[in-house]
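Protein chains get the first letters and strands the later ones, always in sequence-line order, with residue 1 at the start of each.
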Number of protein chains: 2
Amino acid sequence: MSNEKRTSIKDLAASLGVSTALVSFVLNGKAKQHRISEEMAQRVIKKAKEMNYSPNLVAKNLRGGKSQLIGVLVTDISNPFYSTISRIIEDRASELDYTVLFSSSDEDLESTKRLIRVLVNKGVEGLIVVPCDGSKEVIEELCHDEVPLVLVDRHFPDVKVGYSVLDNFKATELITRHLIENGYSRISVISYETEMNHIKERVAGYEETMRKAGFTEYLNVNRINLSNPRSEMHDTLKRLLKAKTDAVVCLTNMLSVNGIYCLKEMKVRIPEDLAFVGFNRSDVFNLLENPITYIKQPLERIAIEAVNILVDKINNDNTRGKGFIAEPELVIQSSTPKKKVLSRLD
Amino acid sequence: MSNEKRTSIKDLAASLGVSTALVSFVLNGKAKQHRISEEMAQRVIKKAKEMNYSPNLVAKNLRGGKSQLIGVLVTDISNPFYSTISRIIEDRASELDYTVLFSSSDEDLESTKRLIRVLVNKGVEGLIVVPCDGSKEVIEELCHDEVPLVLVDRHFPDVKVGYSVLDNFKATELITRHLIENGYSRISVISYETEMNHIKERVAGYEETMRKAGFTEYLNVNRINLSNPRSEMHDTLKRLLKAKTDAVVCLTNMLSVNGIYCLKEMKVRIPEDLAFVGFNRSDVFNLLENPITYIKQPLERIAIEAVNILVDKINNDNTRGKGFIAEPELVIQSSTPKKKVLSRLD
DNA sequence: CAGTTTAGCTTAATCGTTTTAGCTATTTAT
DNA sequence: ATAAATAGCTAAAACGATTAAGCTAAACTG
């Protein structure tokens, strides 16, 4: 880090009066293999410390044809959910001697295509991607092109690709069961218009649990158009309240926060007037008079597994389609208390 | 992006029947300078597109010391404040054809040193750093070593280095003036133990404004030890309330959120029992019964200017110590209403 | 028409490593 | 004593780009 240029392997070799090859062998632990004398090896190691040598990564990578770079494409790294994941990815990648390049697609298909190309052109050895709506073909193509790839948060079950995601079905199963056990029955879901599998799974988990409990008649899934979430959320909630909905489950964090804001504006009290369940931790959940019950994702495991799987793929190409499915945790707070009145009789 | 390995400049040269030098000249915009015929230049460019050529960053870096890489070291990229800045830095850098490497120091001096070394080792041409407490020497050394450097969010006024920061003095001046105008006088500040200049400036802005208003007797700055913020915050707030404090100003976002949580636990109402001002936008500020008045930083400008200054420095080494100081904006909400009772008479 | 310019290229060194192939002197085997 | 084996090292190419220096043929000069 000082002003003179860094010690190179050449400097070391010169000052020891040996070849660069010898130095390289020793410092890479291949001394035995190349029959370098024990005494020589010690001298090299000592000198390397003396001269504060550290290998030039760039040269190393050039020679090895390895960039030790991985690309991460999330929808928006300024979103706390993704920035948390990104942070963990960066930490884990760093442990494994990889450097991470980040990009944000803003949920846009064209950006996704472009940014993936940019990352690949920058020489990344693999990609971790949060695929946006409609990106299935792009992802499929990418797999074909033999770029090691791991999807995070969302994935396409019929595409042979690595993934690390939540068990989304189980998440809403947990939520719905909890609500039913606490006496709710007219449970409605607020979702958004999408073809993405993770949302479908969340809907399915809710629907199946409701059916099993014999509440088929109360099944109620509302899909909001994200171009105007606030006003659509308002209308939806109004409608649900009129229809005597017991409890509302929002399927994403953004929907949850929006829902809470709307309910506040509408002077609807949680849980007195309506029980409420959110998705993914958020400061706002805990600051309300009655903190919100929500699904917590094990972000750390999801992110670490994503990196592990990716690096595995980079090293052995035989591991197509490996995946990790994380267990959701239901954090029960006071937005979903036991109902006073029996729900079947109201 | 296809299965075969990437096109190199050699492949291009071979398929055109020319030397690699020619190709390099053309693709680096030095065709004129090296008297390459216009026709030849066009053929090279066309072929490069056809073969989807993109330069190998690693090789470029090794040869020229030009990596088009910049390093960004924030304290924690999963913190929304820094992830927002990071996102904008990434976008702006990308426009200028730079790739960004991110790291998080966790406010730790040793990590700061290590990560800066790692980034420099990875070949970054410049650094954008949020310096942690006690990092002044590290930063000074870095300037000496001729690594282009821009500090963000916090800086050291007596170190000749680029910076892009808020006008912190003005921020608390705005807050304090607003509070005084609304009839508050026993205004207390909650800060934390640090030598960092930005915090000192915030304190100074408060103190000077209070003095000018003749409220020297009410000056009250409380410094919390961050090793145990929650309980210290509790104690501090209790003490302040006993001392009939009118209004509390928290000097960072983390302190603000903590403060709000504590007040909620203590059943202290904002603003009925205590007026409250926070720092940096946060969802929690807007979800309270009475949304919080806070200082908003123009993050976009701060981040963009940081990149601009850095790239400037990378290109002309004569611009040591350039800086940008951003205007704070006071977002006035209902946590600081006009006081009913005259404060001088209570 | 001989000498000088100039246009338009190429050659080859270089960055800091890794690694294959091979060299030399000594030891061992026969 | 001589061939074969081995120990201990080195030479040099390679990774993919950049760039200083030089080369050749055509164009210009007087």
Pairwise ring-ring contact (aromatic ring centres under 6.0 Å, His included) hits with a residue in residues 35-86 of chain B, at least two apart: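 Not a single pair qualifies under ring-ring contact (aromatic ring centres under 6.0 Å, His included).
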d([atom1], [X]; [atom2], [N]) in whole Å:
X       : N      : atom1 : atom2 : value
A:Gln33 : C:dA21 : CD    : P     : 14 Å
A:Gln68 : C:dT18 : CD    : C1'   : 14 Å
A:Leu12 : C:dT18 : CG    : P     : 12 Å
B:Met40 : C:dG8  : CE    : P     : 12 Å
B:Lys32 : C:dA7  : NZ    : C1'   : 14 Å
A:Lys10 : C:dT17 : NZ    : P     : 10 Å
B:Asn61 : C:dT17 : CG    : P     : 13 Å
A:Leu62 : D:dA14 : CG    : P     : 14 Å

Quick one: list whatever passes side chain to side chain donor-acceptor pair (under 3.5 Å) with [X], sequence neighbours left out.
X        : answer
B:Gln68  : none
B:Glu38  : B:Gln42
B:Lys122 : A:Thr99
A:Ser111 : A:Asp108

For B:Asn61, the option from A:Leu62, A:Asn61, A:Val58 that meets side-chain contact (heavy atoms from CB on, under 4.5 Å):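 That would be A:Val58.
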Closest nucleotide among D:dG8, D:dT18, C:dT17 to the A:Ser37 side chain: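 Of the candidates, D:dG8 comes closest.
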By ring-ring contact (aromatic ring centres under 6.0 Å, His included) - contacts of B:Phe25 (at least two apart):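 Counting only residues at least two positions away or on another chain, B:Phe25 forms a ring-ring contact (aromatic ring centres under 6.0 Å, His included) with B:His34.
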Contact list for residues 71-93 of chain B, test salt bridge (Lys or Arg N to Asp or Glu O under 4.0 Å), sequence neighbours left out: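 Salt bridge (Lys or Arg N to Asp or Glu O under 4.0 Å) check on residues 71-93 of chain B returns A:Asp76-B:Arg87, A:Arg87-B:Asp76, A:Asp106-B:Arg87, B:Arg87-B:Asp91, B:Arg92-B:Glu95.
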Gap between atom CG of B:Leu22 and atom CG of B:Leu16 - 0.5 Å precision: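 B:Leu16 CG to B:Leu22 CG: 8.5 Å, rounded to 0.5 Å.
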Difference in axis direction between the ends of the helix from C:dC1-D:dG30 to C:dT30-D:dA1, five pairs, 10°: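 That helix gives 60° between its end axes.
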Touch class at under 4.0 angstrom, heavy-atom based, for A:Val18 against every strand present: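 Here A:Val18 touches the backbone only, sparing every base.
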Sugar-phosphate only, base, or nothing, as touched by B:Ser19 at under 4.0 Å among non-hydrogen atoms: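 The residue B:Ser19 makes base contact.
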Phosphate-side-chain proximity, A:Lys60 and D:dC15, N/O vs OP1/OP2 below 4.0 Å: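 Answer is no, no contact under 4.0 Å.
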Distance below 4.0 Å between A:Lys66 side-chain N/O and D:dC15 OP1 or OP2: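 No, outside the criterion.
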Heteroatom pairs (N/O) under 3.5 angstrom, protein to nucleotides 19-23 of chain D:
from, atom 1, to, atom 2, distance (Å)
D:dT19, OP2, B:Lys30, NZ, 2.8

